[in-house]
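For reference, the structure discussed in these notes is given below.
First listed ligand is number 1; within each ligand, the first listed atom is number 1.
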Amino acid sequence: MQNIAQLHHRLFNWWHDAGRVLPWREKEMGSTAGNATLASPLSLRDRAFQSYMAMELRRDPYRVVVAEMMLQQTQVDRVLPKYLDWMAKWPQIGDLAKAELSEVLIFWQGLGYNRRARFLWLLAKEISQKNNGIWPQTEEELLELPGIGRYTARAILSFAFGQHTAVVDTNVKRVLRRVIDGKEAAEQPTYSEREWFVFADQILPPEQADPWNQLVMDLGALVCTARGPQCEKCPVKEQCAAQQKADQLGFSTYREFLLSLPKAAKNSAKPKTRFEDTDRFFRGRIMDTLRQAATTRQQLWQVMQDEYGLADQVRFETLLTKLAAEGLIQLSEEIVQLG
Ligand code: SF4
């Protein structure tokens with residue numbers, strides 16, 4: 001990419017008009033910039049984006065981490081109502097720390113991957129009870145906390161503490177690789193995780209890492225999507241290396257080039273497993289059944305056979321053992337209940 005400053009300029013202009021206003025992006029007011037926006041006749045959207053760009057305004061790391069955990073593996077549309085209900089129920093991290101794990105797991109229904117709920121609960125206890133409500137502010141210290149990987153650690157540092165750190169997930173990799181390298185994220189030569197962070201950190205705009213991270217995510221979600229990038233209305237079409245490659249090969253857009261590629265042979269060769277036959281499906285049904293009430297092992301096994309078609313009792317017992325090892329359920333000789 002020849003001109004990073006121009007790329008920043010174009011994308012920030014686009015983002016102001018097209019970026020997503022999301023409840024977890026709200027910032028705490030109180031500074032002069034925040035008060036000024038409240039007093040002005042600007043639209044809600046303009047106010048929101050003014051606050052997103054104001055690096056002196058902060059977000060509560062608790063709100064950031066709840067949103068980031070929910071958004072791992074779950075679509076924004078499904079997360080939105082759950083996030084708002086969660087914040088109404090446990091508005092502060094100390095409120096969550098006082099909740100029972102079973103209550104949190106019941107609340108989590110519909111989001112899937114229940115371990116995330118337990119991690120949030122453990123995290124709340126650790127920050128509130130061991131750290132006196134103080135969040136660490138380095139990547140290495142954040143990685144010590146329950147359920148926090150590098151992506152979430154960096155999201156907390158950037159979105160809550162305004163640090164100059166890039167957030168890199170699958171969508172960000174796809175967008176950056178296309179724009180800068182003209183390749184798909186998994187194309188050779190591939191980058192290690194460390195190389196990805198170095199690469200993404202290098203193209204951060206000065207003093208604007210937080211809005212830039214949000215902006216790249218929005219570009220990946222709204223325009224430069226995995227299978228159907230909308231290059232014709234992309235704000236950086238003229239600068240995008242992938243689009244330039246498509247031009248040289250005689251395609252009008254990079255999307256057209258992608259569609260011309262043969263589908264991977266493995267898709268046709270490998271028979272697909274139905275979701276209803278996977279461990280993930282049965283784990284989810286066990287958790288849903290226990291959300292209604294604790295039950296005996298025998299009754300639970302009966303439900304799994306009659307309602308969900310699980311035929312293998314050894315598999316059932318293995319699933320129970322794994323859920324118990326993850327702290328999501330409690331097992332005794334007779335009774336099974338949420339953790
Ligand atoms: S021009 Fe196409 S491939 Fe390039 S960033 Fe835009 S949408 Fe993505």
Taking the basic N atoms (NZ, or NE/NH1/NH2) and the acidic carboxylate oxygens, is any pair closer than 4.0 Å for K27 and E56? no

Just how far is it from atom CG of L101 to atom CG of L120, taken to the nearest 0.5 Å? 11.0 Å

Tell me the protein N, O or S atoms under 2.8 Å from atom 8 (Fe) of ligand 1, in chain and number order. C224 SG

Under the side-chain contact (heavy atoms from CB on, under 4.5 Å) rule, what do R291 and I106 come out as? Steps first, then yes or no, please. CA-CA 5 Å; R291 282 183 174 107; I106 288 169; 4.1 Å; yes

Is a salt bridge present between E307 and R285, judged by a nitrogen-to-oxygen distance below 4.0 Å? no

Less than 4.0 Å between a side-chain N and a carboxylate O, is that true for E184 and R174? no

Which residues share a ring-ring contact (aromatic ring centres under 6.0 Å, His included) with F281, sequence neighbours left out: F275

